[in-house]
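Only a predicted model underlies this, so the values are computations on that prediction, with no experimental measurement involved. Reckoned from all heavy atoms, side chains included, excluding hydrogens, waters and symmetry mates.
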Amino acid sequence: MRSSIPRLHVITDETVQSRYTHIELARLCIDAGADGIQYREKRAKPPSEHVQSVIGMCRICDNAGAKLIVNDFVEVAIRANATAVHLGRTDESIQSARVRLPADTMIGGTANSLDEALQVAKLDVDYLGVGPVFGTTSKTSPAPPLGIAALREICQRIEKPVIAIGNIQLQNVASVQAAGAHGVAVLSAICCAKDVSQATREFCEILA
């Protein structure tokens, strides 16, 4: 049986900030109460380096009863025994990943529009990452901002949990929740915060 979907997915990154490694960010955020960490690494690195990072992050998450989600890399998740992956439209297909991964692996899929959400929701995914709700500055060629109205319609039209992503800040989490999102995925508002731990705690308090 697949475990519950985290409400706060903290996306780790070593390019938008250089103070902390993926593993250090995972430890700070988990210690502050985050129930989910998403490993995202877009730089070209040897697979062994990805695996090493993911193993360290899995250990931190497992010890706290939290979930480590590997973005993009199905093979890395398999080698590191990670129990969750998140796949976008240019990654390995969800159908292929589901065949290769253990049956209890959590899989998230990406949707940037209502039409895409309806299609992805038909696949064997556990949740949908939907956005960018308020735009994004962490991608070079992002999809256009989705907006709250479109997010609300997606949440109403599909039965699977929705994780909202895209410039999620403390001041807009309430509107995202009101639109029906199960939770949020956050990068800059936590990883680039002056105090990563405090920012994490503040998000956790709102999402509780």
Quick one: does [X]'s side chain have a donor or acceptor within less than 3.5 Å of a partner on [Y]'s backbone?
{"X": "Asn71", "Y": "Tyr39", "answer": "no"}
{"X": "Asp35", "Y": "Arg7", "answer": "yes"}
{"X": "Asp91", "Y": "Gly88", "answer": "yes"}
{"X": "Ser175", "Y": "Asn172", "answer": "yes"}
{"X": "Lys67", "Y": "Gly36", "answer": "no"}
{"X": "Glu49", "Y": "Lys45", "answer": "no"}

Arg98: salt bridge (Lys or Arg N to Asp or Glu O under 4.0 Å) partners, not counting sequence neighbours: Asp124, Asp126
Salt bridge (Lys or Arg N to Asp or Glu O under 4.0 Å) involving Arg79 - partner list, sequence neighbours excluded: none
Salt-bridge present (Glu14, Arg43; N to O < 4.0 Å):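 Yes, this pair counts.
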Pair Lys42 + Asp13, salt bridge at N-O below 4.0 Å: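 No, Lys42 and Asp13 are not salt-bridged.
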Provide the closest heavy-atom pair for [X] versus [Y] in the form atom of the first, atom of the second, distance.
{"X": "Val120", "Y": "Thr110", "answer": "CG2-O, 3.6 Å"}
{"X": "Ile78", "Y": "Arg100", "answer": "CD1-NH2, 3.7 Å"}
{"X": "Ala34", "Y": "Ala66", "answer": "O-CB, 4.0 Å"}
{"X": "Cys191", "Y": "Gln17", "answer": "O-CG, 3.6 Å"}
{"X": "Ile94", "Y": "Gly109", "answer": "CD1-CA, 4.2 Å"}
{"X": "His9", "Y": "Pro6", "answer": "NE2-O, 2.9 Å"}

4.5 Å side-chain heavy-atom contact, Leu87 and Asp72: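 Leu87 does not reach Asp72 side chain to side chain.
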Residues 151-159 side chain polar contacts: donor-acceptor under 3.5 Å, at least two apart:
none

Gln38-His86 side chain donor-acceptor pair, cut-off 3.5 Å: no
Connected-component partners of Tyr127 among ILVMFWY, side-chain separation under 4.5 Å: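 Members alongside Tyr127: Ile5, Ile69, Met106, Ile163.
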Pairs satisfying side-chain hydrogen bond (donor to acceptor under 3.5 Å, both in side chains), at least one member in residues 191-208, at least two apart: Gln198-Arg201, Gln198-Glu202
Report the distance from atom [atom1] of [X] to atom [atom2] of [Y], rounding to the nearest 0.5 Å.
{"X": "Phe134", "Y": "Leu146", "atom1": "CZ", "atom2": "CG", "result": "9.5 Å"}
{"X": "Leu114", "Y": "Gln119", "atom1": "CG", "atom2": "CD", "result": "10.0 Å"}
{"X": "Leu187", "Y": "Ile165", "atom1": "CG", "atom2": "CD1", "result": "7.5 Å"}

With sequence neighbours excluded, residues passing ring pair (Phe, Tyr, Trp, His ring centres under 6.0 Å) with Phe73: His50
Single-linkage hydrophobic cluster Ile11~Leu128, side-chain heavy atoms < 4.5 angstrom: no
Hydrophobic cluster identity match, Leu118 and Val125, side-chain contacts under 4.5 Å: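 Yes, same cluster.
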Worked verdict on Val74 versus Leu101 for side chain to side chain contact (heavy atoms under 4.5 Å, CB included): CA-CA 8 Å; Val74 173; Leu101 292 162; 4.1 Å; yes
Met57/Ile55 under side chain to side chain contact (heavy atoms under 4.5 Å, CB included): CA gap, chis, key distance, verdict: CA-CA 5 Å; Met57 297 168 78; Ile55 288 174; over 6 Å; no
From CA spacing to verdict: side chain to side chain contact (heavy atoms under 4.5 Å, CB included), Ile190, Cys29: CA-CA 9 Å; Ile190 289 179; Cys29 296; 3.8 Å; yes
Candidate pair Leu28 and Asp31, rule side chain to side chain contact (heavy atoms under 4.5 Å, CB included), full reasoning: CA-CA 5 Å; Leu28 284 169; Asp31 286 350; over 6 Å; no
Identified side-chain hydrogen bond (donor to acceptor under 3.5 Å, both in side chains) partner of Thr12 from the options His22, Arg40, Glu24: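 Result for side-chain hydrogen bond (donor to acceptor under 3.5 Å, both in side chains) with Thr12: His22.
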